[in-house]
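What you see is a predicted model, and the numbers here were worked out from it, not measured in a lab. Residue numbers begin at 1 in each chain, while the letters A, B, ... track the order of the sequences.
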Amino acid sequence: MLLGTLVLANLKMIFRNRQALFWALFFPLIFVVVFGLFRLDEPPTTTIAIIDRSQDDLSRELVRSLSQIETFNVYEHPDEEKARDELREGTLRYLLILPEGLARSVAANSPVAVNFIYDEGTPTSAVVIGVVQRFLDKANMELVKVDPLLKLDARGVSARHLSYFDFLLPGFVGMGVMTYSVIGLASVMAVYREQKILKRILATPLRVRTFFAAVILAHLALSLAQAAIILAAGVFLFGGTIYGNYLYIALLVLLGNIIFLNLGFIVGTIAKNVNAASGLGNAVTVPMMFFSGVFFPTENLPRFLATVVTYLPLTPMLDAMRGVALDAMPLWEFPMELGLLGAWIVVTSVVAVRIFKFS
Amino acid sequence: MEEVIVVEALGKHFGAVTAVDGVSFSVRKGEVFGILGPNGAGKTTIMECIEGLLKPSAGRTLVLGMDTQREPDRVKERIGVQLQASAYFDYLTLKEILQLFGRFYGKYVSADELLTKVDLKEKANTTVGKLSGGQKQRFTIAATLVNAPEVVFLDEPTTGLDPQARRHLWEFIQSIHQEGRTVVLTTHYMEEAQFLCNRVAIMDRGKVVALDTPTNLIRALPAPYEIKALVDGKAHDGRLEALDCVVGVRHQEDGTFLLRSSDAARTLPALLGWASQAGVRLAHLEVVPANLEDVFLSLTGRALRE
């Protein structure tokens with residue numbers, strides 16, 4: 001079949017264009033590897049140096065229980081002067097000073113100040129101070145031997161263990177598909193026009209729609225391969241988890257990719273040459289990459305921006321894909337997202353057909 | 001004689017610019033027909049209207065009896081088209097491109113056969129980007145033959161080639177012609193038109209200003225010959241201008257006289273007679289026929305390549 005032959009020829013060209021293929025596969029894979037290696041969601045351990053001036057039973061007991069807090073790495077610093085220097089130089093971030101005669105003061109029922117000195121430049125300092133504060137509160141109550149009247153019983157309600165990496169993985173799929181389809185196709189179209197390949201095709205009896213159908217089918221096939229490779233790398237190499245149906249994910253990839261391919265056609269038509277095509281393609285994709293929720297949920301954006309990005313094509317694609325992948329929801333639970341994608345498909349198709357030129 | 005292409009009152013304008021202005025001509029079966037003219041004369045526009053790539057603003061074009069506008073696909077099935085300075089897919093080999101293009105047609109020639117014909121058999125598995133300029137042009141000609149077309153259109157096939165590669169390509173074009181195909185080509189090289197074409201349409205500013213065989217076009221000139229004579233000594237009197245059939249005389253620094261003649265066969269004996277009478281020795285004597293360049297100059301008052 002002619003269409004099959006053409007699709008095959010297009011796939012051959014895609015795979016032989018190593019530079020474009022690099023952007024299609026390795027660019028998103030780099031993100032998978034980087035975020036897979038540095039697990040950003042696991043709390044980092046905090047090192048706290050302690051100067052114990054009293055060296056009595058109570059102070060030792062405090063140091064011992066503080067070091068039992070999982071995320072704290074506690075050690076006694078032998079030299080207070082040196083410790084303060086290290087704090088100023090930034091090699092030490094937290095210093096807890098237990099004053100002299102701690103047990104004696106407590107026995108005499110007189111309040112004691114426990115100094116906690118920290119580096120203000122540390123982003124997590126507020127959290128660490130809070131933990132230390134709670135620790136001291138607890139110690140206080142034990143010392144005065146009262147049971148707390150109000151107890152916080154915190155229990156997470158997430159049924160599944162979702163990590164930040166799991167959240168990122170569908171984002172990388174969307175980003176990879178978008179980047180390659182918009183920039184890749186725009187460049188290919190610019191080259192075809194610049195080198196009169198489209199015109200040469202027009203000089204044969206081949207139907208123009210057959211030619212473009214083959215280009216689109218080949219790119220759709222590639223986008224599925226891209227998604228499969230990104231997901232496989234994330235799941236098998238870095239322990240990411242996909243809870244939902246892979247078929248729904250594939251469908252979302254195809255729906256989204258039709259929009260991106262249309263955008264690629266449009267960019268390739270507007271751009272004067274290949275360089276302009278790739279520049280303009282970047283101008284289209286980079287804002288979506290940052291604002292449509294590849295790296296962080298769009299709810300974190302300022303209200304106005306969040307509203308705007310809701311309507312960009314990548315946002316509904318990622319929202320639906322995360323719903324499917326992370327919450328194991330069926331595709332039809334996302335009528336709003338599917339509607340937005342459908343609207344984008346219609347609009348971009350009409351524009352692409354309208355503005356398309358052969359030469 | 002059977003007419004393969006008929007162009008009737010063809011007009012094409014792009015916005016306010018008129019590229020082709022009411023052109024009519026026909027091409028006969030089996031001839032090499034040249035469209036000669038400077039850049040911007042409208043040569044490519046005419047070709048692309050005939051091929052069905054451009055919609056004419058006025059008039060019509062018939063190819064093998066079919067109206068290009070009404071039956072573009074049937075026309076395209078039977079013609080071969082080489083576009084000016086066009087390329088082919090970067091990431092397919094020569095053989096793959098020819099096979100792919102062959103599939104666009106109802107019938108097609110094997111890629112190997114085509115590549116053998118244009119001496120590129122050993123390049124079958126390389127890409128177009130690795131070919132030299134001449135090889136590239138030969139390949140694009142091979143690609144026009146993929147459907148065994150009856151009419152082949154070549155748009156400036158030798159532009160940008162060195163003289164040797166140009167000669168080489170001329171031979172290929174002649175061999176296509178010898179296979180019984182009609183060839184239509186555009187060029188702005190008069191020697192190319194003179195060498196290859198049975199008939200030439202000379203175009204200027206969207207119009208055909210002359211159409212005939214190269215020989216007839218040249219013969220129709222007021223002075224189809226130029227006689228170069230290098231004269232020993234400083235002999236010059238007004239008598240040279242008065243020689244039989246002389247249209248004009250120029251003389252160069254080195255003592256050479258250039259006599260433009262309407263009939264060399266009558267001017268030459270007169271010149272020799274003058275020389276012996278005046279006691280002048282002719283150190284060098286040469287008769288140069290005029291060419292299409294002179295035809296263009298005399299028709300338009302401008303040189304072909306400006």
Q: Report the relative orientation of the aromatic rings in B:F33 and B:F25; use parallel for angles under 30°, tilted for 30 to 60°, perpendicular for over 60°.
A: parallel
Q. What is the ring orientation for B:F89 with A:Y192, classed by angle as parallel under 30°, tilted 30 to 60°, or perpendicular over 60°?
A.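 Because their plane-to-plane angle is over 60°, the rings of B:F89 and A:Y192 count as perpendicular.
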Q) Of the backbone (N, CA, C, O) and the side chain (C-beta and beyond), which part of A:V188 lies under 4.5 Å from a heavy atom of chain B, both, or neither? A)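 Looking at A:V188, nothing touches chain B.
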Q.
Which atoms of A:F15 are under 4.5 Å from chain B, going by heavy atoms: the side chain, the backbone, both sets, or neither?
A.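 A:F15 has no heavy atom closer than 4.5 Å to chain B.
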With a 4.5 angstrom heavy-atom cut-off, could you sort out which part of [X] is near chain A: side chain, backbone, both or neither?
X	result
B:F101	side chain
B:N147	neither
B:L92	both
B:E77	both

Q. Is the A:F27 to A:Y180 ring centre distance short of 6.0 Å?
A.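 Not under 6.0 Å, so no.
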Q. Do A:F172 and A:F31 make the cut of ring centroids closer than 6.0 angstrom?
A. yes
Heavy-atom pairs under 4.5 Å with chain A are the metric here; pick the option from [options] that has the most.
options	result
B:Q99, B:Q84, B:Q82	B:Q84
B:F153, B:Y105, B:Y91	B:Y91
B:D90, B:V75, B:I79, B:L53	B:L53

Q) Between B:Y189 and B:R166, is there a cation-pi geometry (under 6.0 Å to ring centre, at most 45° from the normal)? A)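 Relative to the ring axis of B:Y189, which defines the angle, B:R166 lies inside both limits.
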Q. Hey, is the main chain of A:L6 close enough, under 3.5 Å, to the side chain of B:R103 for a donor-acceptor pair?
A. no
Q. Between B:T93 and B:E96, is there a donor-acceptor pair closer than 3.5 Å when you use the side chain of the first and the backbone of the second?
A.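 Answer holds: yes.
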Q) Most heavy-atom pairs under 4.5 angstrom with chain B, which of A:T5, A:N17, A:I14, A:L2? A)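 Top count of heavy-atom pairs under 4.5 Å with chain B: A:N17.
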